[in-house]
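Whatever order the structure lists them in is the order used to number ligands and atoms, beginning at 1.
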Amino acid sequence: MYTTAINVLKRLTHFFNRSSSRKATDDQCVLTSNEHSLDPADICKNAREVVRVLQSRNFEAYVVGGCVRDILLGLKPKDFDIATNATPQQVKRLFRRSRIIGRRFQIVHVQFGRDIIEVTTFRSNDTEHTNLVQQTESGLLTRDNKFGSLVDDATRRDLTINALYYDTEKNCLHDYCDGLDDLESRTIRIIGTPSIRYSEDPVRMLRVARFAGKLGFDIDPKSSKPMVKLGSKLKHVSSPRMFDETLKLFMSGYGLDVFERLLEYKLFAHLVPQTNRLIEQGHPTALAMVKQALTNTDLRIQNKQRVTPAFIYAAMLWPAVQKTAQELQNHGQPATTAINKAASEVISNQIPITAIPKRFTLAMREIWAMQLTLSKRGGNRAKRLMEQPRFRAAYDFVLLREQTGEQLDGLGDWWTKYQDVDEETRQQMVQKLNAGQSKGRRPRRRPRQSD
Ligand code: ATP
Ligand code: MG
């Protein structure tokens, strides 16, 4: 049911045919059915139902945000959001299976089977004379629950292309911020004064980079100009929210393009500073590691394969772990101790920025530690290693390291073959390895007491 190429063409032709003199008044921001190319059937049934129910009780209600943008671009929307003038409590009363969530933003989740439709009440950005909107000295909004009109709501959204409202009952499209023009010219533009909007919520800078990467749009120079300077404001954002945002940046299928934008606007420095420093110092594999990990992740998502934050963070932090481990080894620490200590240090530097949940940091540690054990394949070890739950991820990690130019003496190929062959050949592979090792083996030293 989603847009075919012909439909996309039709939609874009509509943009060109729109009269540019339209926007003089609020009314002229409303496009009727013959002036836009959306069809209520483009919108999922449950979202239409929410709009219908709200409007039947005389509330205003629209489908808004990413789904309208994506349908107009011929993309499949990720989810459907609704904006209304009904308060969260009023919305909740109308839908039996619904609940109010959030503090900074109160929103209502309306549930239809496994599908959740997010309903937000129109908000205003007016920070004066109210305790419903709270702002810190740096301009950061810590509470944002002042309700407003449809136009207020449009102007407090982040990007012009995200501020399109579709009334599925009347089949009209409301465009108060020239979002259609920006879709047409493929421009990412922040609504309002960029520096103020970024100070209110620094995550908007990440969203600019994300949508530019996802859609392949250019960033309007006025919107991009303050980003380098204001990037450090990301430190005011809570670490759990930052973690969620990094997942959207890197695990949505266009991570490499987003990463290029993050580098360009020096935002990566505020997300993964330990690795960013190494990239800036010209570390031989740090940049390649991040890029290759994201390329592989994008491909896996395209192929509908599973991806996990543990693997991506393991890859992004690996150059820092390896460097720290090397330094510890240079100071006489055994390799295993060094890698474990380096893991702890690097993870504890990262957590205050992006709160990676423990289940992922545990997996990251295992992947890193197994980089050592995967090279010790003698005796029964190879067989036992393969049975470990983290084997697959650790093996993929070896392949990733080799892809980025690390020399691991054919370790990846060995494991690829080992998994592929029968038991007898496996034994031969291990024997060959043992023979090779014992040939050059030096007499065993007694471990020192301090080891
Ligand atoms: P997608 O869901 O495809 O990632 P989206 O645009 O729908 O993209 P959401 O995070 O679902 O993004 O947000 C829904 C809408 O809420 C956005 O389109 C935008 O209008 C508004 N919005 C989201 N985050 C912010 C923000 N930080 N500041 C202002 N408006 C925002
Ligand atoms: Mg969305």
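- The distance from ligand 1 to the heavy atoms of Asp201 drops below 4.0 Å at these ligand atoms: 26 (C), 27 (N).
- With ligand atoms numbered from 1 in the order given, ligand 1 contributes 2 (O) to contacts under 4.0 Å with heavy atoms of Asp79.
- Annotation for ligand 1: atoms under 4.0 Å from non-hydrogen atoms of Phe211 are 6 (O), 8 (O).
- At a 4.0 Å cut-off, not a single heavy atom of Val203 sits close enough to ligand 1 to count as contact.
- Under the 3.5 Å distance criterion, with hydrogens and angles disregarded, no donor-acceptor pair is assigned to the side chains of Asp175 and Tyr165.
- Side-chain contact check for Ser344 and Arg365: at least one donor-acceptor pair (N or O, by modelled atom type) lies under 3.5 Å.
- At least one N, O or S atom of Asp79 sits under 2.8 Å from the Mg ion (ligand 2).
- Near Gly65, meaning under 4.0 Å from one of its heavy atoms, ligand 1 places the atoms 18 (O).
- For Asp413 against Glu402, the heavy-atom pair with the smallest separation is N-OE1, 4.3 Å.
- Ring orientation note: the planes of Trp415 and Tyr418 are nearly perpendicular, at an angle over 60° on the 30°/60° scale.
- Salt bridge status for Glu327 with Lys323: present, with a side-chain N to carboxylate O gap under 4.0 Å.
- Close contacts of ligand 1 with Asp81, meaning ligand atoms under 4.0 Å from a residue heavy atom, involve 7 (O), 11 (O), 14 (C).
- Checking Glu406 against Gln322 by side-chain atom types alone, a donor-acceptor pair falls below 3.5 Å.
- Here's the thing with Gly66: one of its N/O atoms is less than 3.5 angstrom from an N/O atom of ligand 1.
- Side-chain contact annotation: Gln292 with Asn296, donor-acceptor N/O pair under 3.5 Å present.
- Residues Gln90 and Arg57 bring no donor and acceptor atom of their side chains to less than 3.5 Å of each other.
- Looking at ligand 1, you'll find an N or O of Lys78 within less than 3.5 Å of one of its N or O atoms.
- A donor-acceptor pair under 3.5 Å is formed between the side chain of Thr84 and the backbone N or O of Glu60.
- Atoms of ligand 1 lying under 4.0 Å from at least one heavy atom of Lys214, given by number and element, are 3 (O).
- Heavy-atom distances between Arg207 and ligand 1 reach below 4.0 Å in at least one pair.
- Nearest-heavy-atom check against atom 28 (N) of ligand 1 across Arg204, Met205, Glu200 picks out Arg204.
- Between Arg210 and ligand 1 there is a heavy-atom distance shorter than 4.0 Å.
- Taking only nitrogen or oxygen atoms, main chain and side chain alike, Lys248 does not reach within less than 3.5 Å of ligand 1.
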